[in-house]
Amino acid sequence: MFKILEKRGDRRYGILSTLHGDIYTPAFGPDATRGLIKNLAPHEILDLSGRYPPIEILRLLASHDTNHDIFNNKLRKQYNEIQFILSNTYHLMSYPGYEFIKESGGLHTFINWPLPILTDSGGFQVFSLIHKAQNLKGKVTDNGAIFQNPITGQKLELTPESAIDIQFNLGSDIMVVLDDCRHYQDHKELKRSVYRTIEWAKRCKIRFEQRLKEKFNKLNTHSNSQPHSDASNNERSHRIDRPLLFAVVQGGIDYSLREYCVQELTKIGFDGYGFGGWAINEKEYFPYDLLKFVAERLPEDKPRYAMGVGTPTNIIQCLDFGYDLFDCVIPSRNARHGLAYTTQGEVRIQNAKYKKDKSPLDPNLPSIASKYTKEYIHHLFKIQDSLGGELLTIQNLKYFNYILNNL
RNA sequence: GCAAGUGUGGCGGAGUGGUCAAACGCACCAGACUGUAAAUCUGGCGACCUUGUGUCUACGGUGGUUCAAAUCCACCCGCUUGCA
């Protein structure tokens, strides 16, 4: 289900097959945490370039016709469109609830999105809402994590098993194991989080296989198809019949713990491996060496996912370490905050110097956003219309795809 | 015309004798944002410079009281409301 087509140095070009089509790697999946990339509609994401009339795309979206040109992976690749999105187990469990989404036909149907969805497990929220947070009452035990929603106060529990169950109910294409995500910590804490992460990964894998088996037993009454737990070397890997399960490497800035975590996780065996955590130290240095170190120890034949990475600079570096998949809030959040990434450099569109700038946002990238002048987008931000954030989001996603494929 | 009230920085609006270059908003200027507690957050925002517990000019105007005035007094000017 992952096939490397070409290597340039340590950089890899491949195809990752999922239930909702192929992802040509390297690929960046924007964060649609709660089921949308903020400010964008699915039909916009599918066609950042604005090549097709929105109505045509809407029609295709509604039909989920993935054989059409627009959804053809090669064409999508050629025009640098978004190939997958990331949604979050914790957030969707919190609202509107995974049962609700299951009843509405799964996440793809609910949000009207025909391409692959990677679902994060909530492991990052173990960090952001528990370890990092102050004044919140969540806690982590060996059994799982108990969260308190910072806004509603609602309490939610996530175990390795429930994280997998929920991701099945959502209809995820690429699932992620629950992990104990940490920031920089002392060695003892990191060690504990690594052991816990490995233990949880095991439990996730067991649950994952149970769920596949149940699904197979159901399917078996209708056909002879059988889900394979490891189809990575299968010639017909394009026609996969099960979701993928990715593990997450923890260990903070501790190289030996990272290495140990890789060893243990690869023993269990997963469809892909994420570099997890937010391992920057107090000096806010992005840990390139550490990412390289981990990538070198991950299996060659499995996709490597740099979770939450990053800035364009970070991504370009990680490509050369052999990472294949990326996600990050940066293009969408920074867009909403007025920062555009362009082929001509960063543009803080609200800055006074753009008030009377008639040049297009980015003349070198054919996108919906590049059809507008900086002074107009500046204006949109000044009057606080969300169209400004929408256009910059399109620009940034376009730019992130550009660096993946052209730099 | 009489009466009452009111006049503060680009705007709204606190402050009614010293700790006021003046709270708090807005606007403006800049910055941050990395598996989304984030359409958010942080700084700056009279002028000048040797960037400091620095100098100067400032709360409608002019004069006065006081060691000290945005704050008290007098007159003037403007605005608001009420009564003629």
Side-chain angles (χ1 to χ4, degrees), chain A residues 28-40 84-92 94-95 118-130 132-138 147-154 156 163 174-183 197 246-250 272-280 284-288 291 305-315 317-318 323 325-339 341 346 348-355 380-393 396 400:
Chain A
F28 180 88
D31 288 2
T33 304
R34 310 191 88 111
L36 83 158
I37 299 168
K38 291 186 180 184
N39 280 4
L40 289 196
F84 76 99
I85 60 172
L86 172 143
S87 282
N88 189 290
T89 304
Y90 167 79
H91 293 271
L92 292 175
S94 169
Y95 184 84
L118 184 157
T119 47
D120 190 22
S121 60
F124 185 72
Q125 281 63 46
V126 170
F127 163 64
S128 66
L129 298 182
I130 298 179
K132 184 182 82 170
Q134 291 165 354
N135 311 321
L136 287 176
K137 291 168 188 162
F147 300 94
Q148 184 171 28
N149 183 306
I151 293 161
T152 64
Q154 177 194 22
L156 289 175
I174 303 172
M175 302 183 186
V176 174
V177 300
L178 189 66
D179 60 319
D180 185 6
C181 180
R182 298 292 180 118
H183 194 64
T197 293
F246 280 29
V248 182
V249 177
Q250 289 295 342
Y273 297 87
F275 179 97
W278 184 234
I280 56 170
E284 312 250 317
Y285 156 77
F286 189 84
Y288 289 115
L291 275 129
Y305 167 29
M307 306 177 81
V309 175
T311 63
T313 311
N314 297 155
I315 290 174
Q317 274 287 339
C318 289
Y323 283 93
L325 296 170
F326 302 86
D327 83 281
C328 194
V329 301
I330 280 181
S332 49
R333 179 186 290 165
N334 286 0
R336 271 177 283 123
H337 297 170
L339 177 62
Y341 295 93
E346 293 184 2
R348 265 171 264 274
I349 198 68
Q350 298 195 69
N351 285 10
K353 61 180 169 181
Y354 298 117
K355 185 174 169 65
L380 292 174
F381 268 89
K382 288 299 181 185
I383 63 169
Q384 292 173 27
D385 193 283
S386 64
L387 180 59
E390 181 179 333
L391 292 173
L392 291 199
T393 303
N396 289 348
F400 272 55

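Letters go in sequence order (proteins before strands), and every chain restarts at 1.
Computed from coordinates, the A/Asn334 CG to B/A30 C1' distance equals 16 Å when rounded to whole Å. Here the P atom of nucleotide B/C29 and the NZ atom of A/Lys353 are 13 Å apart, to the nearest Å. Atom pair A/Leu92:CG and B/U36:C1' shows a separation of 12 Å (rounding to whole Å applied). A/Asp327 places its CG atom 5 Å from the C1' atom of B/G35, with the value rounded to the nearest Å. With rounding to whole Å, A/Phe147 atom CZ is found 14 Å from B/U36 atom C1'. Remark: P of B/A37 and CD of A/Gln154 are 15 Å apart, rounded to the nearest angstrom. In this structure, CZ of A/Phe246 is placed 13 Å from C1' of B/G35, rounded to the nearest angstrom. Put simply, CZ on A/Phe124 is 11 Å from C1' on B/A37, counting in whole angstrom units.
Contact annotation: side chain of A/Asn88 to base of B/G35, donor-acceptor pair absent below 3.5 Å. For A/Ser128 against B/U36, no side-chain N or O and base N or O form a donor-acceptor pair under 3.5 Å. At a cut-off of 3.5 angstrom, counting only N and O atoms as typed in the model, there is no donor on one side facing an acceptor on the other between the side-chain of A/Glu346 and the base of B/G31. Side-chain atoms of A/Asn314 come within donor-acceptor range of the base of B/U34, with a qualifying N/O pair under 3.5 Å.
Among the nucleotides B/A38, B/U34, B/A37, the one closest to any side-chain atom of A/Leu129 is B/A37. Of the candidates B/A37, B/G35, B/U34, B/G35 carries the atom nearest the A/Val176 side chain, counting heavy atoms from C-beta on. Comparing B/U40, B/G31, B/A27 against the side chain of A/Asn351 picks out B/G31 as the nearest. Of all nucleotides listed (B/G35, B/A32, B/A37), B/A32 comes nearest to the side chain of A/His337.
Using cut-offs of 30° and 60° on the angle between ring planes, the pair A/Phe147 and A/Tyr90 is tilted.
The partner of B/A30, taking Watson-Crick or G-U wobble pairs whose two distances both stay under 3.5 Å, is B/U42. B/A23: no Watson-Crick or G-U partner with both key distances under 3.5 Å is found in any strand. Pairing for B/C83 is with B/G1, a Watson-Crick or G-U wobble pair whose two hydrogen-bonding atom distances lie under 3.5 Å. Within the shown strands, B/G54 is the pairing partner of B/C48 under the Watson-Crick or G-U definition, both distances less than 3.5 Å. Pairing of B/G18, defined by two Watson-Crick or G-U wobble distances under 3.5 Å, is identified with B/C67. The partner of B/G35, taking Watson-Crick or G-U wobble pairs whose two distances both stay under 3.5 Å, does not exist in any strand shown. Judged by Watson-Crick or G-U wobble contacts below 3.5 Å, the nucleotide B/G78 has B/U6 as its partner.
Side chain of A/Ser121 to backbone of A/Val177: a donor-acceptor contact under 3.5 angstrom is found. In this structure, the side chain of A/Asp327 engages the main chain of A/Gly308 through a donor-acceptor pair within 3.5 Å. Looking at A/Asp385, its side chain does come within 3.5 Å of a backbone N or O of A/Leu387 through a donor-acceptor pair.
Between A/Gln350 and B/A32 there is no side-chain N or O to OP1 or OP2 distance below 4.0 Å. At the phosphate of B/C29, OP1 or OP2 sits under 4.0 Å from a side-chain N or O atom of A/Lys382. Contact annotation: A/Gln125 side-chain N/O to B/G35 OP1/OP2 distance is not under 4.0 Å. Proximity of A/Arg348 to the phosphate of B/C29: no side-chain N or O atom is located under 4.0 Å from OP1 or OP2. In this structure, A/Arg34 does not reach the B/U36 phosphate: none of its side-chain N or O atoms is under 4.0 Å from OP1 or OP2.
Look at the P atom in both B/C11 and B/G60: the space between them is 13 Å, to the nearest Å. For the P atoms, the distance linking B/G35 with B/G46 amounts to 37 Å, nearest Å. Nucleotides B/C77 and B/A27 place their C1' atoms 30 Å apart, quoted to the nearest Å. Going from the P atom of B/C75 to that of B/G25 covers 40 Å, rounded to whole Å. Taking the C1' atoms as reference points, B/A4 lies 26 Å from B/G64, given to the whole Å. For the C1' atoms, the distance from B/A68 to B/G61 is 22 Å, rounded to whole Å. Straight-line distance between the C1' atoms of B/G5 and B/C56: roughly 35 Å, to the nearest whole Å. Annotation: B/C79 and B/G63 have their C1' atoms spaced 23 Å apart (nearest Å).
Each of A/Gly308 and A/Asn149 has a nearest nucleotide on RNA chain B; the 5'-most of these lies closest to A/Gly308.
Using a 4.0 Å heavy-atom distance criterion, A/Ser386 is classed as making no nucleic acid contact.
Side chains of A/Ser94 and A/Asn149: a donor-acceptor N/O pair is present below 3.5 angstrom, by distance only.
No more than 12 heavy atoms of other residues, nucleotides or ligands sit less than 6.0 Å from atom OH of A/Tyr95.
Look at B/A21: its glycosidic torsion is beyond 90° from 0, and that puts it in the anti range.
Note that OH of A/Tyr288 is 4.0 Å distant from CG of A/Asn314, once rounded to the nearest 0.5 Å. For the atom pair A/His337 NE2 and A/Gln350 CD, the distance stands at 10.0 Å (nearest 0.5 Å).
The aromatic ring of A/His91 does not stack onto the base of B/U36, failing the criterion of a centre distance under 5.5 Å from the six-membered base ring together with planes under 30° apart.
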